[in-house]
Amino acid sequence: MERNDMPKAYDAKQYEDRIYSAWEESGFFNPDNLPGERSETFSMVLPPPNVTGTLHMGHAVMLAIEDIMVRFARMRGKKTLWVPGTDHAAIATSTKVEKILFKTEGKTRHDIGREAFLRRVETFAQDSHDTIVNQCKKMGASLDWSREAYTLDAKRNHAVNVAFKKMYDDGLIYRGNRVINWDPIGQTTISDIEIVYKEVEATLYTFRYAKDFPIAISTTRPETKVGDTAVAVHPDDERYSSFVGKTFENIPFAGTTITITVVADKEVDPAFGTGALGVTPAHSLVDADIAARHGLAMKQVIGADGRMTEDAGPLVAGQTTVNARETVASWLREQGLVEGEEKTAQNLATAERSGGTIEPIPMLQWFMAVRKEFERQGKTVTMCSLMRDAVESGKTKIIPERFEKTYFQWTDTLRDWNVSRQLWYGHRVPVWYRNDEIFVGTEAPEGDGWTQDPDTLDTWFSAGMWTFTTLGWPDLDSADLRTYHTTSVLETGYDILFFWVVRMMLMTTYLMDEVPFKTVYLHGLVRDEQGRKMSKSLDNIINPLDMIAKYGADATRLSLVIGSTPGNDTKLSEEKIAGYRNFTNKLWNISRFVLTSVESVGVPEVIVPKTLADRWILSRLDATLASVTKKLAAYEFSAAGEELRDFTWNDFADWYLEIAKIQDRAATDPILLHILEAVMRMWHPFMPFVTEQIWSSFKETTLMIEAWPVAGGMHDEAVEREFAVVQEAIVTIRNIRATQKVGPAKKVSVTVSEASLLAYAETIKWLARVEELTLGDKQGIQLVLGTMDVEAEHKRLTAERDQLYAYVTATEARLANAEFTAKAPETVVAQMRSRRDEAAAKLAAIKAQLDEI
RNA sequence: GGGCGGCUAGCUCAGUUGGUUAGAGCGUCACAUUGACAUUGUGAAGGUCAGAGGUUCGAAUCCUCUGCCGCCCACCA
């Protein structure tokens, strides 16, 4: 587009897709194609979105922030790589496809079988993937699509197998029969962090196993009590100390018999209930720990189908846990064993994805030993200690810093990680069995009769390896791996810290002996304007694609970045996005004005400021440049954007462009173009589309790979102060006119008293819209009498005088305080003095004006 | 039970090691308006920085306590 053809208003959708295609065709998203010598690198992985559907505002905020980092780095001459990809999200995707399958055909995955089910999941994942890629492009994300990866593709699968084998060989992955979290609906185990607690009302029963049993216990789950093997009491609890160590054999209980040993354990709270805890080692993680400490037997009474087992006894066998609960409760009542029943609030553990009630049951599963000691560079470490050390040593910094504490809570309390899942979609556990033989390897073993473990790995196993499997690991000679790992930054939501960041740190410190990223930047949740989470049921979802279609990607990006700080949630409204649409339009019109009013778009090498205004805007530019650069480098995106907006709108558009209209063309044109160029470069990371489009109307190059501007040594505070005086004069005149209600400006004449201001008479007359400006003999600026409302003016001046007087007196009192002047730094005192003098001068001027009136 | 955060203008939020008239955007009100832009311009009003105490020459900022609101973890069986 030619500079003279720019339409009045910027219409984003006319340009965005075309610009993105041009970027892609240029090949510059791929760092291998970037021009120039680039010794420093910047690398980052895109947190791979789940292939479960479409992108939401959370993804949009992630893409916006990350693209700013990437474009900024690229413009600063770094070899810049941003790796895209998607996550197979085993459990989430499986659950979703299973739901669809059941809804449309009334079938479960078991009805159609493993092969057929996997084909369906893959089709679904592919569709979802295509949608996601398209949405990333709509946001303007400058991702290197040539390096796109999938957490479940062949390369990643190989890497996962290599990792699994290594950890198995090192004794850090083991198979064991332990109490795990079983999801009866999803029919799989899940990890601790995939549990969501829901508050429900439950009945707390207090009873004895038998009439002659000496200790009463309490529970909300009487059906599990047929699996009890012990009663635990606190070691210091004198009520029960005489029973500790005794075993009560073959107690008839709810249709079966149980054998109970009384043990003493510090974990028991003597103040809760009867102070005695019925221990069910097979169906409670806490009880399993107690059982392990005391060598107690484990009796499984609940099966994987969520029903009571044969071992539970004939009274309840085959019943669901909920039915069995009532059965056992009735039995207890009939036997007269119940000593209390009360309603109580209970946190019910449910599976995040399927919603199923978690049943702790013992199962043979694969685990990662996160607290097992091993040698690393002559030191005894554990995976947990490696994770802690990465952040503690400062090798990885977390922004905001307060999340480091949260991070440590995790590294310090993590339990052995159950990594196997009974799902079909995922990385198959690379283990084969034949009779009593076991084979762990990256490929199936030679010979007949081997069967592979049917389970798959927790999705976070492969996600945890994302920073290096995308760069070529396990090939240690991979150029990408050597060039781009450790990655510069990981940017993600704070809600993913435990799920993902912790796992990445674990896998990377162990397998690569280095940290996965130098900085973790955590963004917050995007909420609706009332601060609620966006959800389908509340019908308050703002869809990023809708907003892009309506207001443009640039406006959508700005609305998500400006006004939000790391680690804090942000409230988003459509009005906010519309506000930033207005700003993109403002930028468009600023450019349109500059480009249509200059004689030529060529910028001379040397910029020669002629007027005060010229020197002022160049000073402001340099100051802004320095500050914005510093803020972006420090990940202060919101502050950087606000400062840039302030410069663009207030300084450049509202002051300098107005002044430029009356200045000498030949001198002003180069300055206008110089500023415009710098502004485009600085805004580009925030608003890549509109800036690229504007750039194309007066430049031949691609803005995306232009250099980030550097300050030209024009920052001059004296110039800025001098210009501030002119600005104040203009504002005063405008103000007087407004309060006087004297009508159109053209009728007003003004007298200026300070000789210095007369030098800018033309500027003042133009900006304040006055016809005449003369040098007066009094201080201050006055309206020529005749149109002035004397009373109103008197009132205005009196108010201002009082305010100034209060300030000056207070400041003088402060300055008179010897302790203050002695202890406060000189700069502070000096600043106060100069401010006081300034205010005192102004006060004098106002008094003089009041006398005049 | 443990931990973290928030409370600053009508609304949404900044405020980087304590530094002296507490800022922005939006909204409100007043004024302006034929040439870049009404998706506009100029200006004004509006705050005892949740409360109480303390440290200090000086506190929105540091300490203690209190009050609301929110989040995370633990899971009392």
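For the numbers below, each heavy atom of this structure counts, side chains included, while hydrogens, waters and symmetry mates do not. Letters A, B, ... are given to chains in the order of the sequence lines, protein chains preceding strands, and every chain is numbered from 1.
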Letter per nucleotide, 5' to 3', of nucleotides 72-77 of chain B [B base touched, S only sugar-phosphate touched, - untouched; heavy atoms, 4.0 Å]: SSBBBB

B/S/- contact track for nucleotides 10-19 of chain B, protein heavy atom under 4.0 Å: --SSS-B--B

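To the nearest angstrom, C1' of rG35(B) lies 14 Å from CG of Leu657(A). For Leu525(A) and rG5(B), the CG to P distance is 18 Å, given to the nearest whole Å.
Nucleotides rU8(B) and rA14(B) place their P atoms 11 Å apart, quoted to the nearest Å. With both ends at atom C1', the span from rG27(B) to rG46(B) equals 12 Å, rounded to whole Å. Separating the P atom of rU17(B) from that of rA60(B) is a span of 14 Å, rounded to the nearest Å. The separation of rC63(B) from rG19(B), taken at their P atoms, amounts to 15 Å, rounded to a whole angstrom. The P atoms of rC7(B) and rA50(B) are separated by 7 Å, rounded to the nearest whole Å. Taking atom P on both nucleotides, rU55(B) is separated from rG47(B) by 30 Å, rounded to a whole Å. Distance check on atom C1': rA45(B) versus rU56(B) gives 35 Å, rounded to whole Å. Across the P atoms, rG18(B) and rC62(B) are found 8 Å apart, a figure rounded to whole Å.
Within 4.0 Å (heavy atoms only), Arg402(A) reaches sugar-phosphate atoms of the nucleic acid but no base atom. Counting non-hydrogen atoms under 4.0 angstrom, Arg814(A) reaches a base of the nucleic acid. Ala653(A) comes within contact range of at least one nucleobase, with a heavy-atom separation under 4.0 Å.
The phosphate of rU40(B) has neither OP1 nor OP2 within less than 4.0 Å of any side-chain N or O from Trp649(A). Contact check, Lys405(A) against rG3(B): no side-chain N or O comes under 4.0 Å of OP1 or OP2.
Taking the charged nitrogens against the carboxylate oxygens, Lys842(A) and Glu838(A) have no contact shorter than 4.0 Å, which rules out a salt bridge.
Under the 3.5 Å distance criterion, with hydrogens and angles disregarded, a donor-acceptor pair is assigned to the side chains of Glu574(A) and Tyr551(A). A donor-acceptor pair shorter than 3.5 Å can be found between the side chains of Tyr494(A) and Asp569(A). Side-chain polar atoms of Ser191(A) and Trp417(A) form no donor-acceptor pair below 3.5 angstrom. A donor-acceptor contact closer than 3.5 angstrom links the side chains of Asn589(A) and Arg592(A). Counted by atom type alone, Thr220(A) and Gln346(A) present one or more donor-acceptor pairs between their side chains at under 3.5 Å. With no hydrogens or angles considered, no side-chain donor-acceptor pair links Thr570(A) and Ser564(A) at under 3.5 Å. Inspection of the Asp228(A) and Tyr209(A) side chains reveals an N or O donor paired with an N or O acceptor under 3.5 Å. Counted by atom type alone, Asp837(A) and Ser834(A) present zero donor-acceptor pairs between their side chains at under 3.5 Å. Side-chain atoms of Thr406(A) and Gln409(A) include no donor-acceptor pair closer than 3.5 Å.
Pairing of rU16(B), defined by two Watson-Crick or G-U wobble distances under 3.5 Å, is not identified with any nucleotide. Look at rG67(B): its Watson-Crick or wobble partner, with both distances under 3.5 angstrom, is rC7(B).
Considering only side-chain atoms of Arg592(A), the nucleotide from rC4(B), rA36(B), rU39(B) that sits closest is rA36(B). In this structure, the nucleotide among rU21(B), rC37(B), rU39(B) sitting nearest to the side chain of Lys8(A) is rC37(B). Checking rC57(B), rG43(B), rA36(B) against the side-chain heavy atoms of Val731(A) singles out rG43(B) as nearest.
Checked by distance alone, Glu658(A) brings a side-chain donor or acceptor within 3.5 Å of a matching partner on the base of rA36(B).
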